[in-house]
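Read the structure below first, then the notes.
We name chains A, B, ... by the order of the sequence lines, and we start the count at 1 in each one.
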Amino acid sequence: MRIAVATGPGGAGTLRPLAEDGTPAGPAETVPDLVAAIEARERAGRPRWVWPATARLYPALLERGVRVARCHDLELAETLLLGHAGRYGEPRSVRAAWARLHGAQVPADQAPAHEGPQPSLFDTDDPAPADDLDQIVEVHAAQQWSIAALPGFALLTAAESAGALVAAEMGHDGLPWSAEKHDALLTGLLGPRPSGGLRPRRLQDLADRINDAFGPHSHVNPDSPAQILKAFAAVGLPVASTRAHVLKKIDHPAVPLLLEYKELARLHTAHGWAWLDTWVKDGRFRPEYVVGGVVSGRWATSGGGALQIPRVLRQAVVADPGWTLVVADAAQLEPRVLAALAGDRAFADAAAHGDLYAALASAFPAGGALSARDKAKIALLSAMYGGGTGEAVQLLAVLKNRFPDAFGYVEAAARAGERGRLVRSLLGRTCPPPSADWRALTSTGDDDRASSALRSRGRFTRNFVVQATAADWALVLLATLRRRLTGLGSPRLVFFQHDEVIVHAPQELAGQVTAAIHASAQEAARLLFGGTPVVFPMEIAAVPCYADAK
DNA sequence: TTCATAGGCGCG
DNA sequence: AAAGCGCGCCTATGAA
């Protein structure tokens, strides 16, 4: 059973039961308290809720303690369907989808109402227009018809919608975060918290010593790459850039000071006290996730930088007393995905257990500075990213000879991209078409810029098929894990980063959570790849602090 | 003063 | 000179 949901004014709304294919299975009903009505029907029968956008509607339910098992997010589904049709970037609102169905003028999407107090959806003074239930019902039915015709899309849209539920729940529950530990870490590395916009003591000290190293009259701002370049040129050491790996190659007393400065300055500006004040409240870090924010299907964030937390700050992620963090990481996910995708028998056999790179190592010649395992890893990464300079050239040749189907799979994706064609993940998530600029550039000449653009597009599509299918797998894992955790009661998903999840759970449930994660990884592999011999092992640790994992 | 871009680096 | 994929966030910088 499905139920379509339209929000109305003042917390009211309208509901209508639907069959799986979207045809109405009963009359529309207007309810004065939409959240209460959803809660009652959720208890009665766990329907799949059909609503315009989980991100706008679900936070208000969570505020009132209401969670739902399943939904169909119309905007996310519309985005996936448009993408599959090569129509990236067209408006995805229910109104826009309805207008497309009727050949009417398609309204542009409203900019996400940023900032301001969170859920304005149920505010009585909400200026946003109420949803139109009839449009919701009609758009949903059209989507179901399209989805049924596309292999993988039923699973893809269900998983994307479940991901939206998880994202809202994680934003609501938050990642357990110790402000005390974070502050102590900052103080230890940077010195006491400075007042005003001053540099912390340790950074100022390094800045002074960097200037001393460049000479008595030096005025270098270490935050300015341009000034650093000039300073090195002035002492006879011209460098192409100030990136850490470039600076490491030159011999000058300022280099180690600069490297230390950059690292600490980054921590201070991106995840320092200002970040702590903004993003951590009541022992929880509540980021804003954007489901499907990356074209490959990975999530993005729109604030808080949840997907770029420096490893050193994992010390601040601490379970509540009596609780534990179950930290789970998919080992070597992308090469395993390639193995399963390509159906390369020899490669899949290597990916059938343990350490994939080690299993491949015997195919690569011994000798030299690199171990055979490292060579296997470089070859794989080059194949998936489109690298292949220096030593990687020979290693790629080995890969091509020994594992021709795996090599051929990403090569075919690269060639499709170079021809301007679309490529898709296993479940059908589709890459954006090349831009008009790209077409103009690559159709006219065969100069350097044109061939560079061609190769760039090839690298993108080459990587897309792997990264996006890995995202498919991770999203299905997340969806099935969420279902299992609901069965366990109190455990909560609190973090998801591409191929890694953290569950916050009472200590006594750590074993059951661990089992649930293993089972979900297996289920995801089966749902995507059927009977592939490739395994998708999870490295799991139940720890009091995130930093203790691995 | 505001805005867009580049350079750099954090994560996978 | 650029160079292997995908992101977000910060500062410096120069144009508007």
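Residue contacts shown for A:R462 are absent, as no nucleic acid heavy atom lies under 4.0 Å away. Note on A:G293: nothing from the nucleic acid sits closer than 4.0 angstrom, heavy atoms only. Nucleic acid contact for A:A306: none, since no nucleic acid atom lies under 4.0 Å from a heavy atom of the residue. Using a 4.0 Å heavy-atom cutoff across all strands shown, A:Q497 reaches sugar-phosphate atoms only and no base atom. Among the atoms of the strands shown, only primed sugar atoms or phosphate atoms (P, OP1, OP2) are found under 4.0 Å from some heavy atom of A:R314. Looking at heavy-atom distances under 4.0 Å, A:Q227 makes contact with sugar-phosphate atoms alone, never a base. Base contact: A:L381 has a heavy atom under 4.0 Å from a base atom. The residue A:R266 sits close to a base: some heavy atom pair falls under 4.0 Å.
Only the P atoms considered, C:dG4 is 31 Å distant from B:dA4, to the nearest whole Å.
With respect to the salt-bridge test (charged N to carboxylate O, under 4.0 angstrom), the residues A:D205 and A:R201 do not qualify.
Under the 30°/60° scheme for interplanar angles, the aromatic rings of A:W273 and A:H268 are found to stand perpendicular. Using cut-offs of 30° and 60° on the angle between ring planes, the pair A:F153 and A:H84 is perpendicular.
For the pair A:N463 CG and C:dG6 P, the interatomic distance rounds to 7 Å; values are reported in whole Å. The CD atom of A:E263 sits 11 Å away from the P atom of B:dC9 (whole-angstrom rounding). Counting to the nearest Å, the C1' atom of C:dA1 and the CZ atom of A:R455 are 12 Å from each other. As a whole-Å value, the separation of A:Y289 OH from C:dC7 C1' is 14 Å. Rounded to whole Å, the distance from CD1 on A:I378 to P on C:dC5 is 17 Å. Put simply, CG on A:L478 is 17 Å from P on B:dG12, counting in whole angstrom units. For the pair A:F285 CZ and C:dC9 P, the interatomic distance rounds to 10 Å; values are reported in whole Å. In this structure, the NZ atom of A:K262 is 9 Å from the P atom of B:dG10, given to the nearest Å.
Judged by distance alone with a 3.5 Å cut-off, a donor-acceptor contact links the side chain of A:Q308 to the base of C:dG8. Residue side chain A:R298 does not reach the base of C:dC7 through any donor-acceptor N/O pair under 3.5 Å, judged by distance alone.
When distances run from any side-chain atom of A:T242 to the nucleotides B:dG8, C:dT11, B:dG10, the shortest one goes to B:dG8. Comparing B:dG8, C:dC7, C:dG4 by their nearest atom to the side chain of A:Y385 picks out C:dG4. Of the listed nucleotides (C:dC5, C:dC7, B:dG12), C:dC5 has the atom at the smallest distance from the side chain of A:F460. Of the listed nucleotides (B:dC9, C:dA3, B:dG12), C:dA3 has the atom at the smallest distance from the side chain of A:R459. Among B:dC11, B:dG8, C:dA3, the nucleotide with an atom closest to any side-chain atom of A:R311 is B:dC11. Of the candidate nucleotides C:dT11, B:dG8, B:dG10, B:dG10 has the atom nearest to the side chain of A:P310.
In this structure, B:dG12 and C:dC5 make a Watson-Crick or G-U wobble pair, each of the two defining distances being under 3.5 angstrom.
Put simply, A:T301 has no side-chain N or O that comes within less than 4.0 Å of OP1 or OP2 on C:dC7. Between A:T269 and C:dC9, a side-chain N or O to OP1/OP2 separation shorter than 4.0 Å is absent.
Place A:H498 and A:S452 on DNA chain C by their nearest nucleotides, and A:S452 ends up nearer the 5' end.
Aromatic ring centres of A:W275 and A:F285 lie closer together than 6.0 Å. Note: A:H252 and A:F214 meet the aromatic proximity criterion, with ring centroids under 6.0 Å apart. For A:F529 and A:F536, the distance between ring centers is under 6.0 angstrom. Between A:W299 and A:H498, the distance separating the two ring centers is not shorter than 6.0 angstrom.
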